[in-house]
Protein chains: 2
Amino acid sequence: MSRKANPRESVGMNGLRCDDEGPIWLQIRRAISAMITSGAWTPGMRIPSEIELTRHFGVSRMTTNRAIQSLAREGHLERHRRIGTIVASRAQERPAFEIWDVREIIERSGERYSYQLLEQLIVPEDDPRRDLFNVRRETSLLWLRCLHLSDDIPFQLEERLVNVDAAPEILRMSLDQTPPGPWLVNNVPWSQAEHTISALPAATREADALDLNVGASCLVVERRTWNGEIPVTLVKLWHPGSRYRLKGQFEPVR
Amino acid sequence: MSRKANPRESVGMNGLRCDDEGPIWLQIRRAISAMITSGAWTPGMRIPSEIELTRHFGVSRMTTNRAIQSLAREGHLERHRRIGTIVASRAQERPAFEIWDVREIIERSGERYSYQLLEQLIVPEDDPRRDLFNVRRETSLLWLRCLHLSDDIPFQLEERLVNVDAAPEILRMSLDQTPPGPWLVNNVPWSQAEHTISALPAATREADALDLNVGASCLVVERRTWNGEIPVTLVKLWHPGSRYRLKGQFEPVR
DNA sequence: CTTCGCTAATTGTATAGACAATTGTTTCCT
DNA sequence: AGGAAACAATTGTCTATACAATTAGCGAAG
């Protein structure tokens with residue numbers, strides 16, 4: 001216990017204290033959370049094991065486990081058997097704006113997420129899609145269509161244009177395995193974003209992919225991001241409106 | 001067991017089946033989830049008690065409990081002691097777009113949410129703020145400023161303009177208790193929304209409220225919603241950029 | 001030196017049981 | 001009848017324990 005190979009920097013338990021509000025597992029959760037947000041425990045550090053915390057707080061392991069798992073499920077901690085629990089690199093981030101990560105939405109609902117790449121091409125010089133972006137003729141643009149499924153039922157169709165100059169590494173990604181959305185958010189810097197939410201009827205292309213009738217109303221989120229003046233990506237996300245009710249008093253345009 | 005006063009309509013367990021993937025508590029979770037999304041169990045119905053499910057699936061109560069609680073925490077079920085567990089009215093909704101509900105964000109992080117109303121007034125006829133909305137001179141607009149705190153530290157400043165014609169009941173709300181955001185989302189119909197995300201320096205008004213220096217950079221989300229042609233609300237949400245890192249490679253404009 | 005297999009540390013899941021808290025229902029006393 | 005007290009049903013939390021799964025590290029065998 002005293003001499004350790006120290007696979008990762010390990011934290012101590014100084015300052016780890018319960019308040020006295022509510023159930024003990026929430027107190028423990030808050031105590032750990034406080035260590036992270038205060039900066040005493042920084043991303044990458046290994047936190048005490050369940051056993052140590054169990055002793056520290058004088059509770060049973062299930063109680064510690066509940067506190068830690070609830071933090072882990074929300075992405076503040078990462079846990080690995082035999083390795084232990086480390087503070088996630090994004091633990092101090094707040095989802096002040098949640099970029100719609102379909103995968104997360106689906107998996108939070110306990111369903112199976114799957115993904116299909118439908119189309120991938122470099123937009124030709126005279127293609128009308130180029131007009132959506134205000135970029136020079138030489139700039140190469142990548143066009144993607146992919147489908148996100150929940151329990152093998154189409155949940156979201158993604159139609160995306162990417163400015164390759166702003167994100168050159170994207171050409172090296174195998175996009176038939178990895179959805180482009182999360183990768184872009186995490187790897188390509190951007191400074192400005194604009195979203196438009198509306199209800200639109202599905203055209204043939206969308207209806208086919210989503211397994212709907214042509215004209216069925218969909219909820220469409222359109223997002224554009226820039227880095228300074230440079231457009232980064234433009235994406236249209238189609239949700240079948242009939243299959244999933246939507247949060248809030250959203251009324252399709254008649 | 002056979003004759004019941006039936007305080008609420010109660011569901012049977014027909015069709016409630018486990019698949020065989022992953023841990024049993026997730027299987028049970030999916031089984032219940034499937035009953036809801038298939039429509040066999042509809043909002044307001046009382047689902048079988050933990051004991052009954054425990055017997056049905058042949059597991060221990062803690063296992064059932066874990067499945068149900070995880071659904072309840074996400075808003076698919078509502079639980080009350082002695083009453084039982086009912087399907088939440090919003091259970092079939094998908095958070096296809098999560099309207100930023102600060103309260104939810106804060107409470108999910110295990111912190112204490114609190115709220116202050118800073119300012120509330122009907123915008124005078126000649127006020128420049130009227131220009132933000134394209135409405136007739138007679139239309140009365142409500143101006144609100146409120147602060148959302150996490151563990152008593154300012155987390156988000158909300159500056160909002162509401163079209164009273166589109167949401168007349170808002171004048172009857174006691175907005176010093178209830179934040180206007182969630183109420184509007186749930187009670188006022190809208191068909192279109194537009195968001196802009198950017199990084200801006202705090203002016204005196206924002207710096208004061210958020211306890212920052214003037215000029216400190218903030219992440220600002222601006223949201224406008226319409227119902228058809230009619231503007232409903234316009235809100236600017238200020239987050240102190242220094243205190244909370246933000247998800248993704250967001251770079252403040254220099 | 002490399003590889004294979006063992007051991008130990010750590011988390012993941014499940015069980016059985018206990019008691020607390022909440023609140024509808026019933027019963028009983030006046 | 002009305003109100004108070006007891007009861008019952010249901011969820012909330014916690015404990016103690018057990019075994020499974022994962023994997024780093026170590027040591028033995030080749």
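Reminder, nothing fancy here: chain letters follow the sequence lines and each chain counts from 1. Only heavy atoms go into these numbers, but all of them, side chains included; no hydrogens, no water, no symmetry mates.
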Handout entry: Sequence-distant partners of A:E158, salt bridge (Lys or Arg N to Asp or Glu O under 4.0 Å), two or more places apart
Key = A:R160

Practice task
For B:R82, check salt bridge (Lys or Arg N to Asp or Glu O under 4.0 Å) against everything at least two apart and list the hits.
Solution key: none

Practice task
Taking atom types as modelled, find out whether A:R29 and A:S70 have a side-chain donor-acceptor pair closer than 3.5 angstrom.
Solution key: yes

Exercise for the section: Examine C:dT11: is either OP1 or OP2 under 4.0 Å from a nitrogen or oxygen in the side chain of A:T85? Give yes or no. Expected result: yes

Handout entry: Pairing residues for A:R81 by the salt bridge (Lys or Arg N to Asp or Glu O under 4.0 Å) criterion, not counting sequence neighbours
Key = none

Problem - Pairs where residues 11-26 of chain A contributes a residue and the test salt bridge (charged side-chain N to carboxylate O under 4.0 Å, His left out) is met, not counting sequence neighbours - result: A:D19-A:R30, A:E21-B:R112

Practice task
Identify, with sequence neighbours excluded, every residue that meets salt bridge (Lys or Arg N to Asp or Glu O under 4.0 Å) alongside A:R66.
Solution key: none

Contact list (N/O, under 3.5 angstrom) for nucleotides 14-18 of chain C vs protein:
from   : atom 1 : to    : atom 2 : distance (Å)
C:dA14 : OP1    : B:I24 : N      : 2.5
C:dT15 : OP2    : B:S60 : N      : 3.0
C:dT15 : OP2    : B:S60 : OG     : 3.2
C:dT15 : OP2    : B:T63 : OG1    : 2.5
C:dA18 : N6     : B:R61 : NH2    : 3.4

Completion exercise
By side chain to side chain contact (heavy atoms under 4.5 Å, CB included), B:E169 pairs with (sequence neighbours left out) B:R172, B:W183

Completion exercise
For A:Y113, the ring pair (Phe, Tyr, Trp, His ring centres under 6.0 Å) test, sequence neighbours excluded, returns A:H148

Exercise for the section: For B:I86 and D:dT11, give me the distance from atom CD1 to atom P, rounded to whole Å. Expected result: 12 Å

Below 3.5 Å is the cut-off: list the nitrogen or oxygen pairs between protein and nucleotides 21-23 of chain C, distance only.
from   : atom 1 : to    : atom 2 : distance (Å)
C:dA21 : N3     : B:R81 : NE     : 3.4

Handout entry: Separation of D:dA16 C1' from A:F57 CZ (nearest whole Å)
Key = 20 Å

Completion exercise
Between CD of A:E50 and C1' of C:dA9 the distance, given in whole Å, is 12 Å

Exercise for the section: Please check the phosphate of C:dG12 (OP1 and OP2 only) for any side-chain N or O of A:Q69 closer than 4.0 Å. Expected result: yes

Practice task
Please report, rounded to the nearest Å, how far the P atom of C:dG12 is from the CD atom of B:E21.
Solution key: 20 Å

